[in-house]
Amino acid sequence: METLQPLRHPPRSEEELMRQASRLAGYSLSELATLAGLPIPGDLKRDKGWIGVLLELWLGASAGSKPEQDFAAIGVELKTIPVDKLGRPLETTFVCVAPLTGNTGVVWETSHVRHKLHRVLWVPVEGERRIPLGERRVGTPLLWSPSAQEEEQLRRDWEELMDLIVLGRVEKITARHGEVLQLRPKAANSRALTEAVGAHGEAILTLPRGFYLKKPFTAALLARHFLL
DNA sequence: ACCTGATCATCG
DNA sequence: CGATGATCAGGT
């Protein structure tokens, strides 16, 4: 009697989402891919989003590109996160693209970063490269919202970074800026360009950027979960 | 060993 | 191009 199967519709509640996500814990990616009829790439070099797509499929998120949350009806965003054997993140977490123009008057309260991170379902997945992709296993899911302290850290970093963008200093920003949130390139390659504000208020072309959560931030929120 | 900057696939 | 999904990999 095989009852494990992908959700055929978007989850109608956080409870339904968590019930399904919890059932996936312990399964390998090859098991989930086979049951879902999804081919397994040899590695992630040319399929960097494959694990995310696989989990979207299993959890009933409409895969592909939408500017919405993954589970818009219940206001939840899905993030798969590669972790080592101790559950610590191996990568930073992409949040959203940074707007480089038209930012006069923007505020944290209505920002894309705050909206995206309001409610997140974290699904840890074994990510060490020595483990063959298909043998990597899915971990225990965590439904998270920023604590007051976490939101304050995020807001401070966002405001600092947005100030630099508005003031035409985007090209002075490095990944070292920000305590928990960083700004880094987010593009197909280094030749992709987008419009931004220059040092003298003029329009310039620069690399598209994205907001990412630094590893210590996600490590802390995952650790809190596993220790409780 | 780790982090920052660079990169890969797909879709509308 | 820019949004979605992220990881790669060389330099420090």
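Each chain gets a letter, A, B and so on, in the order the sequences are listed, and its residues count up from 1. Keep in mind that the numbers below use all heavy atoms, side chains included, and drop hydrogens, waters and symmetry copies.
By the salt bridge (Lys or Arg N to Asp or Glu O under 4.0 Å) test, Glu195(A) pairs with no residue at all, sequence neighbours left out. For Glu160(A), the salt bridge (Lys or Arg N to Asp or Glu O under 4.0 Å) test picks out no residue, with sequence neighbours left out. The salt bridge (Lys or Arg N to Asp or Glu O under 4.0 Å) search around Arg136(A) returns none, not counting sequence neighbours. Among residues two or more places apart in sequence or in another chain, the salt bridge (Lys or Arg N to Asp or Glu O under 4.0 Å) test is passed with Lys186(A) by none.
Backbone-only engagement by Glu77(A) is indicated by non-hydrogen atom pairs under 4.0 Å involving sugar-phosphate atoms exclusively. Gly52(A) comes within 4.0 angstrom of the backbone, heavy atoms only, and of no base. In this structure, Ile51(A) reaches neither bases nor backbone, as no heavy-atom distance under 4.0 Å exists between it and the strands shown. No contact: Pro208(A) has no heavy atom under 4.0 Å from any strand.
Rounded to an integer number of Å, the gap from Phe211(A) CZ to dG5(B) P is 15 Å. Straight-line distance from the CD atom of Glu171(A) to the P atom of dA6(B): 11 Å, rounded to whole Å. One interatomic measurement links the two molecules: CZ of Arg209(A) to P of dA6(C), which rounds to 22 Å at whole-angstrom precision. Per the geometry, CG belonging to Leu78(A) stands 8 Å off P belonging to dG5(C), to the nearest Å. Going from atom CD of Gln69(A) over to atom C1' of dA3(C) covers 15 Å, rounded to whole Å. Remark: P of dG5(C) and CG of Leu57(A) are 14 Å apart, rounded to the nearest angstrom.
Identified under the ring-ring contact (aromatic ring centres under 6.0 Å, His included) test for residues 43-62 of chain A, with sequence neighbours left out: none. Evaluation of the ring-ring contact (aromatic ring centres under 6.0 Å, His included) test over residues 66-101 of chain A, restricted to residues two or more places apart or in two chains, returns Phe94(A)-Tyr212(A).
Side chains of Trp158(A) and Gln153(A): a donor-acceptor N/O pair is absent below 3.5 angstrom, by distance only. In the model, Arg155(A) has no side-chain atom that pairs as donor or acceptor with a side-chain atom of Ser111(A) under 3.5 Å. With hydrogens and angles left out, the side-chain atoms of Arg119(A) and Ser145(A) include a donor and acceptor closer than 3.5 Å.
Within a 6.0 Å radius of NE2 in His112(A), no more than 12 heavy atoms belonging to other residues, nucleotides or ligands are found.
Contact check of residues 17-48 of chain A against DNA chain C (heavy atom, cut-off under 4.0 Å) returns Leu44(A), Lys45(A), Lys48(A). Of the residues in residues 93-126 of chain A, those placing a heavy atom less than 4.0 Å from an atom of DNA chain C are Phe94(A), Val97(A), Lys116(A), in numerical order. A heavy-atom distance below 4.0 Å to DNA chain C is reached by these residues of residues 188-196 of chain A, ordered by number: Leu193(A), Thr194(A).
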**Request:** In sequence, state the C-alpha distance, the side-chain angles, and the governing distance for Lys172(A) and Leu164(A), and then conclude on side chain to side chain contact (heavy atoms under 4.5 Å, CB included).
**Result:** CA-CA 8 Å; Lys172(A) 301 298 184 188; Leu164(A) 290 168; over 6 Å; no
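Side-chain to base pairing of Lys186(A) with dG5(C): one donor and one acceptor N or O lie within less than 3.5 Å of each other.
Closest non-hydrogen pair, Leu86(A) versus Asp84(A), comes out as N-OD1, 2.8 Å. Counting all heavy atoms, side chain and backbone alike, Asn103(A) lies closest to Pro99(A) at ND2-O, 2.6 Å.
The existence of a salt bridge linking Glu151(A) and Arg114(A) is confirmed by a sub-4.0 Å separation between a basic side-chain nitrogen and an acidic carboxylate oxygen.
If one axis is set at each end of the helix from dA1(B)-dT12(C) to dG12(B)-dC1(C) from five pairs, those axes are 30° apart, to 10°.
With rounding to the nearest 0.5 Å, the separation of CD in Glu109(A) from NE2 in His115(A) is 14.0 Å. Atom CD1 of Ile81(A) and atom OG1 of Thr218(A) lie 4.0 Å apart (nearest 0.5 Å).
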Using atom types as modelled, flag every donor-acceptor pair under 3.5 Å from a side chain in residues 198-206 of chain A to any protein atom, sequence neighbours excluded.
residue: Glu202(A); atom: OE1; partner: His200(A); partner atom: N; Å: 2.9
residue: Thr206(A); atom: OG1; partner: Glu171(A); partner atom: OE2; Å: 3.1
residue: Thr206(A); atom: OG1; partner: Arg209(A); partner atom: NH2; Å: 2.7

If you restrict it to nitrogen or oxygen atoms, what contacts under 3.5 Å exist between nucleotides 1-4 of chain B and the protein, and what is each distance?
residue: dC3(B); atom: OP2; partner: Lys215(A); partner atom: NZ; Å: 2.9
residue: dT4(B); atom: O3'; partner: Arg176(A); partner atom: NH1; Å: 3.4

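Minimum atom distance to the side chain of Leu207(A) is reached by dA6(B), of the listed dA6(B), dA6(C), dA9(C).
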